[in-house]
Amino acid sequence: MPELPEVETTKRGIAPYVEGRVVERVILRRKNLRWPIPRAIRTALPGQRVETVARRAKYLLLHTQAGSALLHLGMSGSLRLLDAGLPARAHDHYDLVLDSGKALRFNDPRRFGCLLWQKPGETHPLLRDLGPEPLSAQFDGDWLWARSRGRSAAVKSFLMDQGTVVGVGNIYASEALFAAGIHPKRAAGSVSRARYARLAGEIRRVLRYAISRGGTTLRDFLAPDGAPGYFEQELFVYGRAGEPCKVCGTKIRSEVVGQRMTYWCPGCQR
DNA sequence: CGACACACCTGGATGC
DNA sequence: TGCATCCAGGTGTGTC
């Protein structure tokens with residue numbers, strides 16, 4: 001499910017309710033998600049005040065003086081803000097109960113998400129090799145161009161590599177490549193510097209716009225207040241195989257590229 | 001190092 | 001209606 005816009009929407013939804021609050025209690029309904037939930041979540045986190053809520057790539061970080069909780073939503077995870085004590089439903093895996101009487105509750109049917117711990121001053125190994133944030137100044141076409149030299153993999157796979165740029169997943173990779181007029185199967189190393197400059201701009205624009213629409217709800221993504229995202233209506237290619245391109249009318253094509261379904265317009269993308 | 005296949009897991013849609 | 005099959009927004013790991 002969640003790519004950068006959905007995680008950012010989640011962050012903005014929870015931050016006003018979580019920042020400055022004390023995590024009074026942690027309720028774990030299972031011992032592991034993708035990985036075992038570390039002891040520190042039970043021992044170090046309770047009693048801590050959340051100073052800030054941050055996002056790095058598709059991870060959310062709840063920073064406290066004792067360390068940071070590291071949350072990932074995986075494919076099907078979502079966080080909701082609820083009144084504490086409401087009965088848990090299927091796949092509600094943990095609650096962070098706040099001193100406000102609210103609880104941050106994580107639901108994730110597929111359990112690809114995770115809840116980990118990072119000590120103060122340390123960088124969790126999962127965050128170590130991440131590429132630049134797409135909405136930061138460190139990300140631009142020259143970075144993409146330089147990193148892609150000599151690469152034979154499809155440019156779409158290259159974009160989804162979180163070492164290239166973080167936050168771009170299967171939906172937004174297809175959408176940004178459409179916007180930039182680049183064929184997703186083109187070898188990353190064969191894309192010119194000028195076209196990468198355009199692509200970097202389109203990645204930024206698409207992500208920003210998706211954030212402004214509250215993300216994309218395909219099946220089950222909901223913001224912490226229960227609102228769906230509205231970017232689905234703005235998709236040009238993702239999930240539109242066989243339908244006419246909104247720009248030129250050509251039938252949208254789809255094919256598996258790098259193990260992920262990929263969509264493009266043969267008329268608009270070269 | 002890069003490229004690729006596979007793994008994890010459940011639920012919803014589709015087809016017979 | 002029931003059952004089998006396929007597909008899904010992510011990403012670490014193992015192999016070549």
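Basis for what follows: all heavy atoms, side chains included, without hydrogens, waters or symmetry-related copies. Note on naming: letters A, B, ... go to the chains in the order of the sequence lines (proteins, then strands), and numbering restarts at 1 for each one.
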Base, sugar-phosphate, or nothing: which does Tyr238(A) touch, judged by heavy atoms less than 4.0 Å apart?
sugar-phosphate
Please report the distance, rounded to the nearest Å, between CZ in Arg110(A) and P in dG10(C).
10 Å
Report whether Tyr196(A) and Trp143(A) are members of the same hydrophobic cluster (ILVMFWY, side-chain heavy atoms less than 4.5 Å apart, transitive linking).
yes
Where the side chain of Lys58(A) is defined as all heavy atoms beyond and including C-beta, which of dA8(C), dT11(C), dT10(B) is the nearest nucleotide?
dT11(C)
Atom CG of Asn107(A) and atom P of dG9(C): how far apart are they, to the nearest Å?
19 Å
Inspect the surroundings of CZ in Arg39(A) and state if more than 12 heavy atoms from other residues, nucleotides or ligands are less than 6.0 Å away.
no
With the threshold set at under 4.0 Å for non-hydrogen atoms, list the residues of residues 149-159 of chain A touching DNA chain B in residue-number order.
Arg151(A), Ser152(A), Ala153(A)
Where does DNA chain B form stems of at least three consecutive Watson-Crick or G-U wobble pairs, each pair having both distances below 3.5 Å?
B:2-8 with C:10-16, B:10-16 with C:2-8
Side chain of Arg111(A) (C-beta onward), nearest among dG12(C), dG11(B), dC9(B)
dC9(B)
In whole angstrom, give the distance that lies between atom CG of Leu33(A) and atom C1' of dG12(C).
16 Å
How many whole angstroms separate atom CG of Leu130(A) from atom P of dG10(C)?
14 Å
Closest to the side chain of His91(A), out of dG11(B), dC9(B), dG9(C), is dG11(B)
Take atom CE of Met160(A) and atom P of dG9(C), then tell me their distance rounded to the nearest Å.
8 Å
What interatomic distance, in whole Å, is found between P of dG14(C) and the corresponding atom of dC9(B)?
16 Å
Whole angstrom value for the distance that separates P of dC9(B) from CG of Asp108(A)
12 Å
Taking the P atom of each, how far is dT14(B) from dG9(C), in whole Å?
16 Å
Connected via hydrophobic side-chain network under 4.5 Å: Leu116(A) and Leu71(A):
no
I want to confirm an ordering. Mapping Arg34(A) and Arg147(A) to their closest nucleotides on DNA chain B, which one lands closer to the 5' end?
Arg147(A)
Return the nearest nucleotide to the side chain of Gln259(A); candidates are dT11(C), dA5(B), dC9(B).
dA5(B)
Tyr59(A) side chain, from C-beta outward: closest of dT11(C), dA8(C), dG12(C):
dG12(C)
Using the aromatic ring of Phe112(A) (for Trp, its six-membered ring), decide whether it stacks on the base of dC9(B) within the limits of 5.5 Å and 30°.
no
Starting at atom CG of Leu126(A), determine the distance to atom C1' of dG12(C), rounded to an integer number of angstrom.
8 Å
Under 3.5 Å side-chain donor-acceptor pair for Ser78(A) and Asn107(A)
no
One should read off an interatomic distance between Leu235(A) CG and Ser174(A) OG, to the nearest 0.5 angstrom, of 9.5 Å
Minimum side-chain heavy-atom gap Arg105(A)-Tyr94(A) below 4.5 Å
no
Cluster overlap Leu79(A) with Ile37(A), hydrophobic side-chain contacts below 4.5 Å
yes
Using the salt bridge (Lys or Arg N to Asp or Glu O under 4.0 Å) rule, take Glu133(A) and Arg55(A) through it: C-alpha gap first, then chi angles, then the decisive distance, then the call.
CA-CA 10 Å; Glu133(A) 287 286 332; Arg55(A) 179 190 59 72; 2.9 Å; yes
Among Tyr209(A), Phe231(A), Phe236(A), Tyr263(A), ring pair (Phe, Tyr, Trp, His ring centres under 6.0 Å) partner for Tyr172(A)
Phe231(A)
Check the distance between dG2(B)'s P and Asp129(A)'s CG and give it to me in whole angstrom.
11 Å
His72(A) side-chain N/O to dG10(C) phosphate OP1/OP2 under 4.0 Å
no
Do Glu234(A) and Arg213(A) meet the salt-bridge criterion of a basic N to acidic O distance under 4.0 Å?
yes
So, OP1 or OP2 of dG9(C): does either fall under 4.0 Å of a side-chain N or O from Arg260(A)?
yes
